[in-house]
Structures are given as C-alpha cells and as structure tokens.
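Lettering follows sequence order; numbering is per chain, from 1. Keep in mind it's a predicted model, so treat the numbers as computed, not measured.
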Protein chains: 2
Amino acid sequence: MAKERTPRQLARERITADLIEEGRRQLAEHGAAGLSLRSVARELGMVSSAVYRYVDSRDDLLTRLIVEAYDSLGDAVEASLESSATAAPADRWVRAAHAVRDWALERPHEYFLIFGTPVPGYAAPEATAVAGTRASLALVRIVVEASERGQVDRNPGLPTARMSEELTEDFSVLRRSIEGGDQLSDDLLLAVLVGWTQMFGLVSFEVSNQTRSVVENHRDLFDSAVRLTAAQIGLAGAN
Amino acid sequence: MAKERTPRQLARERITADLIEEGRRQLAEHGAAGLSLRSVARELGMVSSAVYRYVDSRDDLLTRLIVEAYDSLGDAVEASLESSATAAPADRWVRAAHAVRDWALERPHEYFLIFGTPVPGYAAPEATAVAGTRASLALVRIVVEASERGQVDRNPGLPTARMSEELTEDFSVLRRSIEGGDQLSDDLLLAVLVGWTQMFGLVSFEVSNQTRSVVENHRDLFDSAVRLTAAQIGLAGAN
DNA sequence: AGAAAAGCAAGAGCAGTGCTCTCGTTTTCT
DNA sequence: AGAAAACGAGAGCACTGCTCTTGCTTTTCT
C-alpha cells in the first residue's frame, strides 16, 4: 500500500526484469540469433505462451536488450569521461576510446546488437535513438571541452578537405544540436566525425575478428590508432 | 563426351548454380536471417530434402554466398583501381572508397554478410579469408604504388603517434606480407590502417543507418571524409 | 461485501524452420 | 549386363514464434 503498487504489479515488474535478465544471459552466450523466447521461458520455469504477457514478441525483447546495451555502453564511456576530467584532451580521447573497446570485447554480442547487422525487417524505434547517441556525444564533448579550454591546436600543418556547400549546411544544423557545438569549426567537426567512425570501425573489425591476420597486438594497434586520430583532431597532449 | 562431363555432372553444376543464384536473390531481398533452404527449394520446384544433395547445410550455402560477396566487392574495387591508374593517388583513394560505398549501398545485405555480425557459431573458413583481403589489398596497393612514384608526401606537419615495440614488430611482419610493402614506413602503415578502418567504419554506419540523424548528404560527408584521410596519409593530389 | 472486470498460467495447435533417413528410380562405371 | 553411385520424393523429428481457448486468481468497481 505504501508504494501503492499492488502485489500483482510488483510481481509483474519482477518477472519482466527476470525475463530481460535471462534474455541478456542467453544473448551474451549465444548471440542475438540464438535468443529464443521459448528457451527463456523454459529457463524461468514457465510455459512459452506465458511470456507473451510480459513481452510483445521476440523483437520486443530484443529491443529492450538493445536499449540496455546502448545504456551500458553510454555508462562506460561517460564513466571514463568523468574519471579523466583533469587529463589532457588527447588522453581523454584515448581513454574513452579504450572504454568503448573494452566494453565491446567484453560483450561482443551486445556490441553487435548495436553496431552489427540490423535485425531483419525492423527499424530501430525511437527509444534506441536517444540512448544510442550517448557514447558518441561523450566523445564529442571531449573535443568541445578541450576547445573551450583552448586545448585544441589546429596548426596549419593539419590536413583538411574541401566540403560541399550542402555538407557545411548540414554541419551548421548538426552544430546546433550539440551543446557547445559552436566551438567546432567545419574542419574540426569533420575531423571529429572521421575520428569517431575510425574508432568504431577498428573496434568492429577487431570484435568480428577481421584484423586477426593483420596484427597480433590488437590493443597496441588500437592505442596508436586512436592516439593518431587525437592528433589529427588537434587535441592537446597527443605527442 | 567432348567435355568428358556426363549429363548428370552437368545437371549437377547447373542445379548448384541455380541454388546459389536463388539464395543470392533471397539474401538480397530478406537478408541473411531470412534465407531459408526450404524456401529456396520451393522456389526451384524441388522438395527440401533434395537440396541437401547439392549443399551441405544452410551454413554451407551462406558460406558460398559470403565468398561470392567478397569476390564481388573485390571486383568492384579492383575495377576502380584499374580505371584510375593514371589519376593522382589521392583521387584513386577517394574513387576506390566510393566504389566500396556504392557497392555496399547497392547490396546492404551482402555487405553485412561480410562486415556485419558474424553468423552464429561459425568461424569463417579459409576460403573466405583469401577472397576477403582483396578489397583491403587494393587500397593498400594505391599507397604502395603512389610511394613508388614518389607521390607520397609525408611532410613534417602530418601528425604521428608513438607505437609500442610489439606493434612495430607486428608491422614488420605485416609489411613482408604486402607486395612492395617495404615502401611503407611505420607511420605510413599506421595511417593507412587508420584510413582503412575509417572508411569501412563510415560505410558501416551509413549502411546501417546510424548516421541518419547526423547529416543529410551522406555522399558528401563520405567524400570529404575519405579525402581527408587521403591527405592524412600524405597521398599527392589531396588538395 | 459482492459482482464484474481484468490479469494470469497452462495447454493445444498452426505454420514455419533445419536436417535425417528411407525408399524406389535413374544414371554411371566396370 | 550387373554392381555401384547419385538422385528426388516423402515422412518424420525437434525446434522456433505466435495465437487462441480454458480455467483460475486478483484487482477494481458498485
């Protein structure tokens, strides 16, 4: 009564949580393709049709797991950001990148859930869209904060690339959607996007084992790579 | 008799080809998850058990499609390379990158087959490993050839990153596996790897619609991005 | 407090999947 | 010509997601 939640509502919450928990377990073990509602039900000692009281469909469960994954990754990166608040921007960038990589290597299936093949015929609902940007925004924030502190040095030797008018127009819009985005010149913004996609590209390659024949010390390669992108962005402390 | 192939062998080849062809069709339409042996059989007017005469399993069919996809991508990139033989290195890089992107946008499902979530519990067999490197090797060759012609200008302003000894050791090995690899200094090699992963990272993001809220003119962004990486590598003609 | 409504677990059942095995038939090899 | 190999069809197994009906319990409304 105190919480004005009936026992039934409470049970419902608990069971739903158990469902997702068990789903997460199976996902981590067998991957998204190996996630079966029936098997989740079995593991929880209920009959398969009963789980449909708590979850609309298999895709629904998968969607919840995707949101969880996004949040978990966001937590990891943001935690890295806080722990490095006083470090040099380049080091912050590198450490945040390692946070992403560590997270991905620890939960490859959840990483693929986010950045892998989109599931069959379904467009990620809005719920994921919001949670999905946290990790990316965190990376951008490093650059924004660095810029505010005068710790972005885009010396004339840094390479640039010409951009179409349409693209610079897109950039204006994008800039407005970023807190402190006015700190980011077109060149800088492009460099950040390039660094961002580079980082996720390398992580994806490594997690899907596509770099196995390229190099042995994947961590070292990753470290040097993101260090290089930090320098290419112009973050102070890169050398 | 002339070809010393019996009618049965001939029929076998034809049917196998039809099987793969139909598989490719279904893959393109419904994605890897929606590829069903039974439905392939149905479409070809045979009963499901009959296809097992030609294909070991669903995964076997999928593997053949993966090889096909790798080859197709390799063809596309190599064709781009030949058609740009006399162009400036930076332009060659950009054009090859666009070849990859165009290919991916045209066949998203096949792209995911290569670079997406690895299928359930199976490690890509060696057959794919060879075919899989063609596109990457083509990109590297652009840089090698540019270097041989003195068209790589790594001026002192280009950012670099420190590397561990283990990594430089890995690089020595890697270099030996690349034709003309002795043209590639450690710094250059790292820059190429970074450019390589950047490109595929951005393509992946775009194909999986992860950049939809970032920008409207994806092609322009891609163009500027790979142009920038060309400059970061030091390829002549980037500006 | 009693009746109506809503929530729930279980079971049966449907359509679909990958894959195996058997059984006649056809083709190929010796 | 006879043995051996390859083949297509069918039945069947174990599994999947999902729906519908049937009794029962809890909550809510009057």
Side-chain angles (χ1 to χ4, degrees), chain A residues 1-20 22-23 25-27 29-66 109 113 119-122, chain B residues 1-20 22-23 25-27 29-66 109 113 117-122:
Chain A
M1 236 139 284
K3 279 289 206 175
E4 64 176 287
R5 273 188 303 189
T6 76
R8 187 158 251 181
Q9 280 175 315
L10 228 106
R12 186 179 178 80
E13 284 170 26
R14 225 189 51 91
I15 294 182
T16 308
D18 288 355
L19 236 46
I20 297 181
E22 176 62 24
R25 257 210 49 244
Q26 296 199 7
L27 170 69
E29 192 164 354
H30 306 103
L35 174 68
S36 137
L37 269 194
R38 285 186 116 110
S39 137
V40 167
R42 218 166 14 237
E43 213 65 30
L44 262 60
M46 49 172 121
V47 81
S48 80
S49 63
V51 318
Y52 285 89
R53 297 268 171 200
Y54 303 91
V55 143
D56 283 352
S57 64
R58 199 195 101 114
D59 273 6
D60 180 30
L61 176 57
L62 217 46
T63 301
R64 300 185 193 218
L65 293 174
I66 292 178
H109 292 306
L113 214 49
V119 311
Y122 119 138
Chain B
M1 235 137 285
K3 278 289 205 173
E4 62 176 289
R5 274 188 300 191
T6 75
R8 189 158 248 180
Q9 278 175 316
L10 227 106
R12 184 177 182 82
E13 284 171 26
R14 226 189 51 91
I15 295 182
T16 308
D18 288 355
L19 236 46
I20 297 182
E22 176 61 24
R25 257 210 48 243
Q26 297 199 7
L27 170 69
E29 192 164 356
H30 306 104
L35 174 67
S36 138
L37 270 195
R38 285 185 114 110
S39 137
V40 167
R42 216 161 21 234
E43 212 65 30
L44 263 59
M46 49 172 121
V47 83
S48 80
S49 63
V51 319
Y52 285 89
R53 299 269 176 202
Y54 303 90
V55 143
D56 282 352
S57 64
R58 197 194 102 112
D59 273 5
D60 180 30
L61 176 57
L62 218 46
T63 301
R64 300 185 194 216
L65 293 174
I66 293 179
H109 292 307
L113 214 50
T117 311
V119 310
Y122 118 138

For [X], check salt bridge (Lys or Arg N to Asp or Glu O under 4.0 Å) against everything at least two apart and list the hits.
X	value
B:R12	none
B:R8	none
B:E43	none

Validation: residues 49-57 of chain B side-chain donor-acceptor distances under 3.5 Å, sequence neighbours left out:
| from | atom 1 | to | atom 2 | distance (Å) |
| --- | --- | --- | --- | --- |
| B:S57 | OG | B:D59 | N | 3.4 |
| B:S57 | OG | B:D60 | N | 3.1 |

Whole-Å gap separating [atom2] ([N]) and [atom1] ([X]):
X	N	atom1	atom2	answer
B:R12	C:dT26	CZ	P	19 Å
A:L61	D:dC18	CG	C1'	14 Å
A:D60	D:dT19	CG	C1'	17 Å
B:L44	D:dA9	CG	P	11 Å

query: Does B:Y54 put a side-chain nitrogen or oxygen below 4.0 Å from OP1 or OP2 of D:dA6?
result: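 No, outside the criterion.
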For [X] versus [Y], what's the shortest heavy-atom pair and its separation?
X	Y	result
A:M46	A:L19	CE-CD1, 3.8 Å
B:L113	B:A32	CD1-CB, 3.8 Å
A:L37	A:L61	CD2-CD2, 3.7 Å

Are any protein N/O atoms closer than 3.5 Å to N/O atoms in nucleotides 2-6 of chain C? If there are, list each pair with its distance.
none

- prompt: With the sugar-phosphate defined as primed atoms, P, OP1 and OP2, and the base as all remaining atoms, what B/S/- string results for nucleotides 10-19 of chain C, 5' to 3', for protein heavy atoms under 4.0 Å?
  reply: BB-B---BBB
Kindly write out the residues that satisfy side chain to side chain donor-acceptor pair (under 3.5 Å) with [X], not counting sequence neighbours, or none if the list is empty.
X	value
B:Q9	none
A:S36	none
B:S48	none

query: Does the side chain of A:E22 come within less than 4.5 Å of A:R25's, by heavy atoms?
result: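 They are in side-chain contact.
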Measure all distances between protein nitrogen or oxygen atoms and nitrogen or oxygen atoms of nucleotides 28-30 of chain D, and list the pairs falling under 3.5 Å.
none

task: Among the candidates D:dC7, C:dA9, D:dG8, find the nucleotide nearest to the side-chain atoms of B:I15.
output: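 Comparing D:dC7, C:dA9, D:dG8 against the side chain of B:I15, the answer is D:dG8.
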